[in-house]
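Written below as structure tokens is the structure these notes are about.
For the numbers below, each heavy atom of this structure counts, side chains included, while hydrogens, waters and symmetry mates do not.
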Amino acid sequence: MLAGPGLVFQVYPEAVATLPGSHLWSILFFFMLIMLGLDSGMGGLECVITGLMDEFRPFLKRFRYPREVFTLCVVFVSFSVACINVTPGGIYSFHLLDTYAAGISLLCSALFETIAVSWFYGLERFSNDVEAMLGHRPGRYWRICWKFISPAFIIGVVMFGLLYHEPLSYNDYSYPGWAEWVGWSLALSSILMIPAAAIFQIATTPGSFTERIAISISPAEEREMIVRTKDVSRFKAKHWLYV
């Protein structure tokens, strides 16, 4: 049974070709795919560009149009890497990237995000932010989902994916062992960056180990108060038990 790229680029086009007015439906179908790809790419690309620009802002200020120049460089590099997917064997590299770079790595990133927002940043503070933006606080159902159900569901999906992992294959072709290692390297390159950045932040923060932990898991506007009063809201049961 075909799934993923085979479903989109083989099954659906063949099905659309059998419809009356197949040329029109084919144009609409692939126009929808292009718009979907652009929309997904814009959102992801904006996150990458904003994060990198915040990190390298002093260097980018040398350019007259720093954001435009940096965006052009990122898009050009992304386009150059993606060109391998339109070669005669590009579907195999596409399937490899789709399985490892866009699968478990995204789930793990979402898991770290839910833990960071719901547990470290805190649901009470996040609810206050939502109320300031929307005018009302999120209900208890949403808070329970953010704090418990979503992390548990993601952990379950990741664990099942690892326990029941099958060798990578596409149609009748089985990928060699080195390709599997390349795929896992791609996945881990993004997954391990999150704990690595956390360890680096703790290691480079001044103070005792307890103060480093407190400052690293607290918002920037609370850090000065933590250093001055040693009062850490993240070390109180109220912060962790709030729902």
Side-chain angles (χ1 to χ4, degrees), residues 1-11 33 36-52 54-56 73-120 146 148-204 216-217:
M1 180 178 179
L2 289 174
L7 185 66
V8 174
F9 297 110
Q10 295 181 24
V11 177
L33 285 183
L36 181 63
L38 287 175
D39 179 68
S40 302
M42 290 289 182
L45 197 63
E46 188 66 25
C47 294
V48 173
I49 292 172
T50 302
L52 291 177
D54 290 343
E55 185 69 24
F56 301 104
C73 294
V74 172
V75 171
F76 178 76
V77 172
S78 302
F79 174 78
S80 300
V81 174
C83 281
I84 63 175
N85 295 323
V86 296
T87 59
I91 188 63
Y92 299 102
S93 62
F94 178 84
H95 185 57
L96 179 70
L97 294 172
D98 182 60
T99 301
Y100 290 101
I104 189 173
S105 58
L106 289 179
L107 289 173
C108 291
S109 299
L111 175 62
F112 284 120
E113 185 176 355
T114 56
I115 293 175
V117 173
S118 301
W119 292 89
F120 294 127
W146 293 335
F148 300 108
I149 298 178
S150 294
F153 183 79
I154 296 174
I155 291 174
V157 172
V158 172
M159 293 302 298
F160 275 106
L162 294 176
L163 292 175
Y164 297 97
H165 175 73
E166 297 180 354
L168 187 64
S169 62
Y170 182 75
N171 290 343
D172 296 329
Y173 176 75
S174 296
Y175 285 70
W178 63 265
E180 296 264 0
W181 282 103
V182 170
W184 282 113
S185 299
L186 289 172
L188 293 176
S189 65
S190 56
I191 296 173
L192 295 181
M193 287 301 295
I194 300 175
I199 294 172
F200 176 80
Q201 180 67 30
I202 295 173
T204 56
S216 297
I217 65 176

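Scanning for salt bridge (charged side-chain N to carboxylate O under 4.0 Å, His left out) contacts around D39 gives an empty result, with sequence neighbours left out. Shown here are the side chain to side chain donor-acceptor pair (under 3.5 Å) partners of D172, two or more places apart in sequence or in another chain: there are none. Among residues two or more places apart in sequence or in another chain, the ring-ring contact (aromatic ring centres under 6.0 Å, His included) test is passed with W184 by Y100, H165. Taking I155 as the reference, L111, M159 meet the side chain to side chain contact (heavy atoms under 4.5 Å, CB included) condition, with sequence neighbours excluded. Annotation: salt bridge (charged side-chain N to carboxylate O under 4.0 Å, His left out) contacts of E46 (sequence neighbours excluded): R67. With sequence neighbours excluded, the residues that form a side chain to side chain contact (heavy atoms under 4.5 Å, CB included) with V182 are L96, W178, L186. Scanning for side chain to side chain contact (heavy atoms under 4.5 Å, CB included) contacts around L36 gives S40, with sequence neighbours left out. In this structure F153 satisfies the side chain to side chain contact (heavy atoms under 4.5 Å, CB included) test together with V157, sequence neighbours excluded.
Applying the side-chain contact (heavy atoms from CB on, under 4.5 Å) test between T50 and each of V48, D54, L52 identifies D54 as the sole match.
To the nearest 0.5 angstrom, W119 atom CH2 is 4.5 Å from F148 atom CZ. One finds the CD1 atom of I154 at 11.0 Å from the CZ atom of F112 (value rounded to the nearest 0.5 Å). Rounding to the nearest 0.5 Å gives a distance of 4.0 Å between SG of C83 and CZ of F79.
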Counting only pairs under 3.5 Å, give me each side-chain donor-acceptor contact of residues 191-203, with atom names and distances, residues two or more places apart or in other chains.
none

- Apply side chain to side chain contact (heavy atoms under 4.5 Å, CB included) to the pair T114 and W146, showing each step before the final yes or no. CA-CA 7 Å; T114 56; W146 293 335; over 6 Å; no
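Applying the side chain to side chain donor-acceptor pair (under 3.5 Å) rule to pairs touching residues 81-93 yields N85-S93, sequence neighbours excluded.
E180 places no side-chain N or O within 3.5 Å of a backbone atom of Y175 that could act as its donor or acceptor partner. Distance alone, capped at 3.5 Å, is enough to place a donor-acceptor pair between the S190 side chain and the A187 backbone.
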